[in-house]
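The structure appears below as structure tokens.
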Amino acid sequence: MFSKILIANRGEIAVRVARTARKMGVKTVAVCSEADAHALHTTVCDQKVMIGGASPSDSYLNGRRIIDVAKDMGVEAIHPGYGFLSENAGFAAICEAEGIKFIGPSSRAIRAMGLKSSAKVIVEEAGVPLLPGFHGEDQSDDKLAAEAERIGFPVLIKAIAGGGGKGMRIVDRSDHFATALAAARREAKNSFDNDQVLIERYIQAPRHIEVQVFADQHENYVHLYERDCSLQRRYQKVIEEAPAPAITEKTRKALGETAISVARAVGYEGAGTVEFIMDEDRQFYFMEMNTRLQVEHPVTEMITEQDLVEWQLRVAFGEPLPKKQEEIKLNGHAFECRVYAENPACDFLPSSGRIEYLREQSGVSSGVRVDTGVQIGDEVGVYYDPMISKIICWDVNRQAALAKMQTAIKDYQLAGLQTNVNFLRDLVMASDFTDAEEEPKNLNTGVINRYIETTERLDIKPSIQAIGLFLAFELKGMFDIHGESDFSNDPYSPWKQIDGWRLNQASSRLFKITHNDKMHEIALNISPKKIQFVFEEMNYELSELNFASDQIIATVSGAATEGFVFEGGSGVTVFCDGVTTVFGRFRFSLDVDEEFGNSLIAPLPGCVRQVLVRAGDVVEKDDALIIVEAMKMEHTILSPRSGVVGEIFYTEGDQVLEGAELLTLEEQQS
């Protein structure tokens, strides 16, 4: 086995690879950018080397620098993880030329399957079913528009390189095609340095099914069953599960055999994933092959009881596959939920900040596993993918595994920045998802959008229980100030009296707090033996407070409530019944003067990719003005009203902070 490998990645996958390597007695070298100098993955590896600036192009995408480090550190192989250089045929070829083993397929296989257009040609010759589409070499606008008309709308424009939803656009009518094509090309160029696209028929309500395949250097091929990755938003997977629910054994067998035929067609080696689109009639079509380990590989590990990273290392070293097909058994059911740094209440915009508190519940014996790439004190910035952690749960069947996942999400607590944990908590209880075995027709890539459309927006205002625990936390602070960490056990203690006589404390107090950038007022009224608060002109009672442990227990308007409250630089975070609520202490007026009201403000930090208007342009409400890229995704900022563009403060390539003034928008003179 290798004595030392370099891990050319960051975050949870780098941590994941390092831990398996350590179990196998293999030394590891971490690489990091300036932004990741103290990141978790650098601490779990045996050695670390800083390779460049925070921007991926200066560090994790700098293949030549990584190769030089590998040679200097005397490593025998490089594990690319996923993302960055993992599907870069040029990087794999350099590894081959330098005598360093690339832990993955050959550069030839990556090149063949890495471009979706060439991959379709190869699998078509192997008899694999394809969706109607166009994947030819003619990339002229006129040719692509004509092919879209031939295929019939709606169509999907898709970048031939990369993945993750970047460079993809759904087009439902011909007069929208040119704009969508330009946007897809621009995003593909920025993400993959390749702006070529293909076009295929867009299936309105598909399931996304993928099959894990493995091959060694001795022409042995196996599959490790399928995963359902249909719960997506903006083409980014959010929840994955294995095996796929409500498919027949006949379909499962056909999926596995077809996936192996794809791997054979390209002479594959290592871990790969063959992805399929499945229509409402359960017919499946080849979509693409990812020539790397996938983010969602843990659900496959859980149902097969195999360590796929160990398989990767053994295959790369030249060993045969650890198991034959008939030895790979499917056992139970597993789910994975991705925890992202984003704010669901603000259209899922990426968030950034420092992790001030983190509590995860995991244990292999309990069937709960959390793969994370962060620790308390880490900064989550705008340069990398917004995924923070993955919560993985296994049990003997789908319903038992789902119940375990619902509990695990409630137990996940993070403070310091906005995450999608609340959204995940509610999503795993959505009927289209939970009832997939009984009602499979509702399980498709539209689940999340339907859920958002039919459900009241999350976190618009805080719950009464969260407010009650926040006020209990404030009252605890009052007792602490006077030397009492809890209500005294002495019933005659003056500190037991909660009326207005208390030294330096008023009998009522007005709190001004913010929640999701909105200000709320809460009036707290203390009278003998009673605490009441007023929120949105409604009266509530707070009683039976208990601070005996790190939990706060209280009765809030007659309901027993228990939770944990953490105060940090980002505000006061309340964890209650699996819901995370962040309160900010109101320190400034939210009134906006007219001059500021004429400004367009950046809703998130990032890089200005394109300015779509010029000073003096007349714009209408919802016209696209500026495109900002953050965490590897483009975000188009629309005009909030009609008007005339005044001064523009940023140009393409500039970095902007959240809240920065991008341009002024003046009233149009009649």
Side-chain angles (χ1 to χ4, degrees), residues 1-31 41 44-45 66 70 75-89 91-92 95-96 100-110 113-114 210-225 227 242 259-260 263 266-274 289-325 327-328 371 390 392:
M1 180 48 59
F2 302 115
S3 60
K4 184 192 288 188
I5 66 171
L6 181 146
I7 304 172
N9 217 296
R10 64 180 301 279
E12 55 85 20
I13 182 55
V15 174
R16 162 80 187 86
V17 173
R19 286 178 173 159
T20 287
R22 175 165 295 179
K23 179 185 70 174
M24 299 175 67
V26 178
K27 299 291 186 182
T28 53
V29 177
V31 293
H41 77 277
V44 298
C45 290
I66 290 173
V75 307
E76 300 152 88
I78 292 177
H79 194 301
Y82 38 70
F84 295 130
L85 297 170
S86 62
E87 294 181 286
N88 187 306
F91 179 71
C95 289
E96 293 162 2
I100 300 172
K101 180 62 179 177
F102 180 82
I103 302 176
S106 66
S107 60
R108 177 191 55 78
I110 296 175
M113 303 306 284
E210 61 187 33
V211 179
Q212 178 73 64
V213 294
F214 241 100
D216 60 22
Q217 299 175 27
H218 312 285
E219 299 186 359
N220 297 311
Y221 296 85
V222 298
H223 71 80
L224 291 93
Y225 302 101
R227 302 183 285 252
I260 287 178
V266 75
Y268 201 75
E269 174 193 330
T273 304
V274 182
M289 183 177 189
N290 286 305
T291 54
R292 54 175 166 81
L293 199 65
Q294 290 278 88
V295 176
E296 57 273 21
H297 77 272
V299 293
T300 297
E301 293 184 320
M302 297 291 253
I303 64 166
T304 60
E305 300 179 272
Q306 302 300 313
D307 184 332
L308 298 190
V309 173
E310 181 177 340
W311 278 43
Q312 284 188 297
L313 295 181
R314 294 195 181 283
V315 166
F317 192 66
E319 297 180 15
L321 290 174
K323 287 184 178 292
K324 298 178 180 179
Q325 187 66 64
E327 296 175 316
I328 303 171
D371 284 9
K390 303 181 306 194
I392 308 108

Practice problem: Measure from the side-chain N and O atoms of Thr20 to the backbone N and O of Val17, and report whether any donor-acceptor pair falls under 3.5 Å. | Solution: no
Practice problem: Please check if any side-chain donor atom of Ser107 sits under 3.5 Å from a side-chain acceptor atom of Glu96, or the reverse. | Solution: yes
Quiz item: Do other residues, nucleotides or ligands put more than 12 heavy atoms under 6.0 Å from the CD atom of Glu219?
Solution: no
Quiz prompt | Contacts of type salt bridge (charged side-chain N to carboxylate O under 4.0 Å, His left out), residue Lys101, not counting sequence neighbours | solution = Glu269
Quiz prompt | Val31 side chain reached by Leu6 side chain, heavy atoms, under 4.5 Å | solution = yes
Practice problem: Only counting residues at least two apart or in another chain, list the ones meeting salt bridge (charged side-chain N to carboxylate O under 4.0 Å, His left out) with Lys323. | Solution: none
Practice problem: Apply side chain to side chain contact (heavy atoms under 4.5 Å, CB included) to the pair Leu293 and Ile13, showing each step before the final yes or no. | Solution: CA-CA 10 Å; Leu293 199 65; Ile13 182 55; 4.3 Å; yes
Exercise. Would you please name every residue forming a side chain to side chain contact (heavy atoms under 4.5 Å, CB included) with Ala242, sequence neighbours left out?
Key: Arg227, Val299, Ile303
Quiz item: With distance as the sole test, does Gln306 use its side chain to make a donor-acceptor pair with the main-chain N or O of Thr304 at under 3.5 Å?
Solution: yes
Quiz item: What pair of heavy atoms forms the shortest contact from Ile78 to Ala70, and how long is it?
Solution: CD1-CB, 4.0 Å
Quiz prompt | salt bridge (charged side-chain N to carboxylate O under 4.0 Å, His left out) partners for Arg16, two or more places apart | solution = Glu301, Asp307
Quiz item: So, does Arg292 use its side chain to make a donor-acceptor pair with the main chain of Leu85 at under 3.5 Å?
Solution: no
Practice problem: Give the intermediate values and the outcome of side chain to side chain contact (heavy atoms under 4.5 Å, CB included) for residues Val309 and Arg19. | Solution: CA-CA 10 Å; Val309 173; Arg19 286 178 173 159; over 6 Å; no
Exercise. Return the set of residues passing salt bridge (charged side-chain N to carboxylate O under 4.0 Å, His left out) with Arg22 (not counting sequence neighbours), or none when no residue passes.
Key: Asp46
Exercise. Find out whether Thr273 and Val213 are in side-chain contact, i.e. whether some heavy atom of one side chain is under 4.5 Å from a heavy atom of the other.
Key: no
Quiz item: Just wondering, do Leu308 and Thr300 contact through their side chains at under 4.5 Å, heavy atoms?
Solution: yes
Practice problem: With sequence neighbours excluded, tell me which residues meet side chain to side chain donor-acceptor pair (under 3.5 Å) with Lys27. | Solution: none
Quiz item: Under 3.5 Å, side chain of Gln217 to main-chain N/O of Val315, donor-acceptor pair present?
Solution: yes
Quiz item: Taking only residues two or more places apart in sequence or in another chain, which ones pass side chain to side chain contact (heavy atoms under 4.5 Å, CB included) with Glu319?
Solution: Met1, Arg314, Phe317
Practice problem: Dump the intermediate steps for side chain to side chain contact (heavy atoms under 4.5 Å, CB included) on Thr291 and Tyr268, then the final yes or no. | Solution: CA-CA 9 Å; Thr291 54; Tyr268 201 75; 3.6 Å; yes
Practice problem: Would you confirm whether His79, through its side chain, and Gly104, through its main-chain N or O, come within 3.5 Å as a donor-acceptor pair? | Solution: no
Quiz item: With sequence neighbours excluded, what pairs up with Ala18 under the side chain to side chain contact (heavy atoms under 4.5 Å, CB included) test?
Solution: Ile7, Thr28, Val44, Cys45
Quiz item: Who passes ring-ring contact (aromatic ring centres under 6.0 Å, His included) against Tyr225, sequence neighbours left out?
Solution: His223
Self-check item: Counterpart residues, ring-ring contact (aromatic ring centres under 6.0 Å, His included), relative to Phe214 (two or more places apart)
Solution: Trp311
Quiz prompt | Side chain proximity check, Phe2 to Val75, heavy atoms < 4.5 angstrom | solution = no
Self-check item: Donor-acceptor contact below 3.5 Å, side chain Asn220 vs main chain Leu321
Solution: no
Quiz item: So, the side chain of Lys4 versus the backbone of Glu76: is there a donor-acceptor pair under 3.5 Å, distance only?
Solution: no
Quiz item: Where the side chain of Gln325 meets the backbone of Val222, is there a donor-acceptor pair that is under 3.5 Å apart?
Solution: no
Quiz item: Arg108 versus Val266: any side-chain heavy-atom pair under 4.5 Å?
Solution: yes
Practice problem: Please tell me if the side chains of Asp371 and Pro298 come closer than 4.5 Å, counting only heavy atoms from C-beta onward. | Solution: yes
Quiz item: Given the rule in the salt bridge (Lys or Arg N to Asp or Glu O under 4.0 Å) test, do Lys23 and Glu310 qualify, once you have shown the distances and angles that lead to the verdict?
Solution: CA-CA 9 Å; Lys23 179 185 70 174; Glu310 181 177 340; 3.4 Å; yes
Quiz prompt | Short side-chain to backbone donor-acceptor contact, Asn9 and Pro80, under 3.5 Å | solution = yes
Quiz item: Within a strict 4.5 Å, meaning less than it, do heavy atoms of the Asp216 and Tyr221 side chains meet?
Solution: no
